[in-house]
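Everything quoted here is computed from the prediction, not taken from an experiment. Letters A, B, ... are given to chains in the order of the sequence lines, protein chains preceding strands, and every chain is numbered from 1.
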2 protein chains.
Amino acid sequence: MARKTGSHSEITGPRIRAEASRLFARHGFAAVSMRQIAAAVGVQAGALYLYTPDKEALLFDLLKTHMDELLAAWAGVPRGPGALAALESFVRFHIRHNLPRAEAVFLSYMELRNLSEGNFAVIEALRRAYETELETILRAGQAEGVFALPDTKLAAMAIIAMLTGVNTWYREGGRLSREGIETIYWDMVRKAVGA
Amino acid sequence: MARKTGSHSEITGPRIRAEASRLFARHGFAAVSMRQIAAAVGVQAGALYLYTPDKEALLFDLLKTHMDELLAAWAGVPRGPGALAALESFVRFHIRHNLPRAEAVFLSYMELRNLSEGNFAVIEALRRAYETELETILRAGQAEGVFALPDTKLAAMAIIAMLTGVNTWYREGGRLSREGIETIYWDMVRKAVGA
DNA sequence: AGGCTATCTGAACGCGCGTTCAATATCAAA
DNA sequence: TTTGATATTGAACGCGCGTTCAGATAGCCT
């Protein structure tokens with residue numbers, strides 16, 4: 001036995017990442033073995049090393065991809081004129097983008113500590129870039145006089161924490177639709193910034 | 001060599017919990033070995049088993065103690081009359097209580113998945129009890145007509161996520177005092193609930 | 001049909017894991 | 001000073017870990 005029938009790197013590669021993401025999110029990076037990931041894919045442990053140099057690189061790849069997608073998606077979001085419209089765009093985008101990506105969101109701030117120093121710095125920088133997107137909107141709103149915030153940096157952190165928190169309780173098929181959740185959160189954020 | 005000079009269970013027990021808390025928070029439960037904890041305490045691994053039946057029980061003890069303390073401390077907080085004053089008490093209490101307990105707060109919602117089913121249910125119930133404390137205040141405020149919330153359950157989750165988020169960026173000796181942070185967050189929460 | 005390359009197996013490496021336990025040194029009380 | 005209770009060591013248990021690699025099969029191009 002060696003190569004399996006129907007095997008292709010374009011199939012196995014993504015499946016490894018998908019199963020790793022699922023297992024890391026469920027049990028934690030350190031608690032999941034390469035053999036478990038391999039078994040979930042239906043392959044022997046050694047085969048994983050055709051797709052990743054080591055276990056940490058597998059995690060890093062998941063986090064990096066997630067952050068890149070997040071920033072790219074936000075860059076492509078149309079936003080109305082003015083800080084208030086921009087803030088609404090941000091709030092709705094954050095919820096809409098992250099809700100269907102619960103695993104990756106979870107990993108991206110729970111498993112950072114399992115990265116080596118260099119890899120950690122890369123993800124941290126991307127995260128900070130995203131936070132800065134929001135803070136820029138808040139600052140613009142202060143300048144426009146539509147927001148009344150004692151501290152834009154804290155407000156940015158507070159809003160992101162609040163929005164990301166949705167992932168901790170949201171379950172598919174619950175009593176509220178995604179659209180409804182977006183609107184409720186936007187209502188609270190709008191009032192919180194004093195607009 | 002056997003018993004060490006100056007050894008006492010009243011000393012070693014708390015030290016084991018303290019070092020375990022520190023290491024679990026820093027590296028994650030699964031990534032920390034009993035030998036690492038023992039080394040941090042200055043003892044051999046076998047000695048830990050005089051203080052805990054197994055590794056999971058050590059984690060459970062930390063989480064349970066943290067939640068019990070949280071609920072007991074909140075129960076002892078004096079609150080002014082009316083929902084608005086109660087909400088301010090809650091917001092300030094949450095920040096004040098949790099800021100100096102960053103490790104335990106972190107553990108209490110990052111390492112829940114490492115508990116067995118029964119232990120998980122215990123912690124989950126305590127957490128829910130705490131959330132209900134806040135939601136009760138919000139509901140009272142709705143009844144009094146001082147709050148204008150589309151959904152008290154979501155608002156409770158949003159507020160707690162926002163407040164707990166402080167722990168992710170707060171560092172001792174930063175540019176803001178604890179009192180200042182309390183006030184800034186209370187300002188945002190007060191506006192968000194529409195009061 | 002033949003040969004090259006891509007893909008995977010299965011065994012092996014040394015190592016550290018959680019946990020147990022007999023042996024032993026210290027402490028506290030009598 | 002003896003004695004029993006308390007606190008700890010250090011070795012051992014079987015096991016699974018991340019990773020490597022020679023060998024073998026499947027797919028693809030000519």
State whether A/Q36 places a side-chain N or O below 4.0 Å from either non-bridging phosphate oxygen (OP1 or OP2) of D/dC17. yes
Whole Å only: how far is the NZ atom of A/K55 from the P atom of D/dT20? 15 Å
According to the interplanar angle, ranging from 0 to 90°, do the rings of A/F93 and A/W74 count as parallel (below 30°), tilted (30 to 60°) or perpendicular (above 60°)? tilted
Here the distance between atom P of D/dG18 and atom CZ of A/F29, to the nearest Å, is 8 Å
Between A/T12 and C/dC8, does any side-chain N or O lie under 4.0 Å from OP1 or OP2? yes
Separation of atom CG in A/L48 from atom C1' in D/dC21, rounded to whole Å: 15 Å
First encountered from the 5' end of DNA chain C, between B/T5 and B/A45: B/A45
Flag if over 12 foreign heavy atoms under 6.0 Å of CZ, B/R26: no
Can you check the A/E10 CD to C/dA6 C1' distance for me, whole Å? 10 Å
Can you check the A/L23 CG to D/dG18 P distance for me, whole Å? 12 Å
Looking only at side-chain N and O atoms, does B/H94 offer a donor or acceptor that is under 3.5 Å from a partner on B/T164? yes
Taking the nucleotide of DNA chain C with the nearest heavy atom to each, does B/A30 or B/G6 sit closer to the 5' end? B/A30
Side-chain N or O of A/Y49 versus OP1/OP2 of D/dC21: is the shortest distance under 4.0 Å? no
With a 4.0 Å cutoff (strictly under), does any side-chain N or O of B/S9 reach OP1 or OP2 of D/dT6? no
Ion pair present between A/E182 and A/R96, side-chain N to carboxylate O less than 4.0 angstrom? yes
Report the nucleotide, chosen from C/dT19, D/dT8, D/dG27, that has the shortest atom-to-atom distance to any side-chain atom of B/L50. D/dT8
Between CG of A/L58 and P of D/dG18 the distance, given in whole Å, is 11 Å
According to a strict under-4.0 Å criterion, is B/K4 in side-chain N/O contact with OP1 or OP2 of D/dA7? no
To the side chain of A/M34, which of C/dT19, D/dT19, C/dC8 is closest? D/dT19
Check for me whether B/K55 meets the cation-pi criterion with B/F29, that is, NZ or CZ under 6.0 Å from the six-membered ring centre and within 45 degrees of the ring axis. yes
A/S33 vs D/dG16: side-chain N/O to OP1/OP2 distance below 4.0 Å: no
For the side chain of B/R3 and the base of D/dT8, is some donor closer than 3.5 Å to an acceptor across the two? no
Once you round it to whole Å, what is the distance between P of C/dT19 and CD of B/Q44? 17 Å
Heavy atoms only, 4.0 Å cut-off, all strands: where does A/V41 land among base, sugar-phosphate and nothing? nothing
In this structure, would B/V105 and B/V77 fall into the same cluster of hydrophobic residues linked by side-chain contacts under 4.5 Å? no
From C/dT19, C/dC8, D/dA5, nucleotide with atom closest to A/S7 side chain: C/dC8
Tell whether B/R35 reaches the base of C/dG18 with its side chain through a donor-acceptor pair below 3.5 angstrom. yes
